[in-house]
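What follows is a single structure, written as structure tokens, with notes after it.
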Amino acid sequence: MFVKEFMTPDPITITPDTAVPAALRLMAEKKIRRLPVVDNRGKLVGIVSDKDLLHASPSPATSLAIWEITDLMSRLKVEKVMTRNVISVTEDTPLEEAALIMADKRIGSLLILRDKKLVGIITESDLFRVLLDLLGGRRSGVRVTAAVVNEKGTLAKVANAIFDAGGDIVGLGISEVPEAGNMRWEVMLKVQDVPQDKLEAAIQPAVDKLIDVRETAV
């Protein structure tokens with residue numbers, strides 16, 4: 001999976017001289033939280049978020065008169081509050097690499113460039129949707145969480161047990177158990193086409209411990 005498969009192509013942009021109120025209205029109208037900022041030649045020069053714009057707005061406790069606030073905000077431009085050092089990736093960046101950058105940098109989005117030209121944006125919401133699909137969150141079935149030893153062939157044994165029981169794996173997630181280092185993992189599987197009791201009996205010999213088994217519906 002690569003960034004290009006999940007990014008929003010051709011994102012809405014603004015210029016540095018866009019007034020802050022106009023940028024806020026555009027975000028509200030388009031139901032977005034970030035706007036890339038490009039110059040008059042289309043070159044990426046920054047990004048601004050709704051938080052940036054709201055923090056730039058006067059506090060409700062201000063002593064300014066309403067006409068003064070309106071005048072002040074109309075003269076405040078995006079270039080004064082935008083982030084200039086934009087972190088970007090290319091379209092063929094692996095999705096997990098993009099997610100790692102966002103997590104480590106504590107940012108909610110990445111801009112996507114092709115030959116230094118802006119072609120897309122991917123956000124934390126896009127990653128949440130990917131996670132939902134990977135875990136089978138939109139599918140009904142039997143959800144199994146099990147502890148397994150991190151050894152070669154362990155997942156193959158689990159998958160074969162499910163296959164032999166007539167099940168179809170439609171969601172999969174693996175996480176490391178922190179206190180066990182990389183020696184023990186928790187595996188979550190969403191399985192269809194097999195009753196819960198039959199699946200539980202089939203998978204038990206292939207795992208270290210069954211943590212949770214439940215029917216789920218969408």
Side-chain angles (χ1 to χ4, degrees), residues 1-14 23-24 27-28 30-38 43-56 78 81-139 143-152 154-155 158 169-190 211-212 216 218:
M1 291 194 269
F2 299 94
V3 163
K4 61 186 175 185
E5 301 171 52
F6 304 98
M7 71 180 190
T8 298
D10 302 320
I12 299 167
T13 63
I14 53 175
L24 279 170
M27 285 185 179
K30 300 299 182 180
K31 298 181 179 180
I32 54 179
R33 296 173 54 197
R34 300 167 186 86
L35 285 168
V37 185
V38 298
K43 180 184 176 182
L44 179 67
V45 294
I47 187 170
V48 68
S49 71
D50 54 353
K51 289 182 180 179
D52 297 328
L53 299 177
L54 290 171
H55 286 165
V78 163
V81 297
M82 70 183 187
T83 298
R84 296 178 181 274
N85 297 322
V86 181
I87 300 174
S88 63
V89 295
T90 60
E91 296 167 286
D92 58 355
T93 299
L95 194 63
E96 67 273 18
E97 184 178 323
L100 182 62
I101 293 172
M102 291 169 68
D104 287 352
K105 299 293 185 180
R106 297 185 179 181
I107 54 177
S109 66
L110 281 173
L111 296 181
I112 319 302
L113 303 184
R114 182 198 304 152
D115 298 326
K116 298 184 179 180
K117 180 182 178 182
L118 178 67
V119 294
I121 185 172
I122 190 165
T123 70
E124 55 201 358
S125 296
D126 297 319
L127 297 182
F128 288 147
R129 283 191 286 271
V130 174
L131 178 64
L132 185 63
D133 289 341
L134 287 174
L135 297 181
R138 301 184 189 278
R139 298 172 179 265
R143 185 185 188 276
V144 179
T145 305
V148 299
V149 177
N150 182 20
E151 295 178 348
K152 290 181 180 180
T154 297
L155 284 181
V158 174
I169 300 173
V170 295
L172 172 65
I174 304 173
S175 62
E176 184 178 298
V177 178
E179 61 270 19
N182 64 355
M183 299 303 295
R184 191 169 299 275
W185 297 77
E186 282 189 8
V187 178
M188 192 292 294
L189 303 113
K190 180 71 70 66
I211 298 172
D212 181 77
T216 64
V218 179

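Each residue takes its place number in the sequence, starting with 1. Computation of the quantities below employed the complete heavy-atom set of this structure, encompassing side-chain atoms and omitting hydrogens, waters and symmetry-equivalent molecules.
Between Thr145 and Arg143 the shortest side-chain heavy-atom distance falls below 4.5 Å. Side-chain contact between Val48 and Ile14: present, with at least one pair of heavy atoms (C-beta onward) separated by less than 4.5 Å. Looking at heavy atoms from C-beta onward, Asn150 lies out of side-chain contact with Thr154 at the 4.5 angstrom threshold.
In this structure, Leu95 CG and Leu131 CG are separated by 10.5 Å, a value rounded to the nearest 0.5 Å. Note that OG1 of Thr90 is 10.0 Å distant from CZ of Phe2, once rounded to the nearest 0.5 Å. Taken to the nearest 0.5 Å, the CD1 atom of Ile122 stands 6.0 Å off from the CD1 atom of Ile112. Distance check, rounded to the nearest 0.5 Å: CE of Met27 to CD1 of Ile12 gives 10.0 Å. Taking CG from Asp52 and CD1 from Ile47, the interatomic distance works out to 9.0 Å, rounded to the nearest 0.5 Å. Here the OG1 atom belonging to Thr123 is positioned 13.0 Å from the CE atom belonging to Met7, to the nearest 0.5 angstrom.
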For this session: Evaluate side chain to side chain contact (heavy atoms under 4.5 Å, CB included) for Lys43 paired with Val38, printing each intermediate quantity in order.
Result: CA-CA 5 Å; Lys43 180 184 176 182; Val38 298; over 6 Å; no

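Contact between Glu5 and Met1 at its shortest, heavy atoms only, is OE2-CA, 3.4 Å. Closest approach of Ile174 and Leu172 over heavy atoms only: CG1-CD1, 4.4 Å. When all heavy atoms of Ala23 and Leu53 are compared, the pair lying nearest together is CB-CD1, 3.6 Å. The two residues Arg139 and Lys190 have their closest heavy-atom pair at O-NZ, 2.9 Å. What you find for Leu118 and Pro36 is that their closest heavy atoms are CD2-CB, 3.6 Å. Contact between Leu110 and Ile107 at its shortest, heavy atoms only, is CD2-CD1, 3.8 Å.
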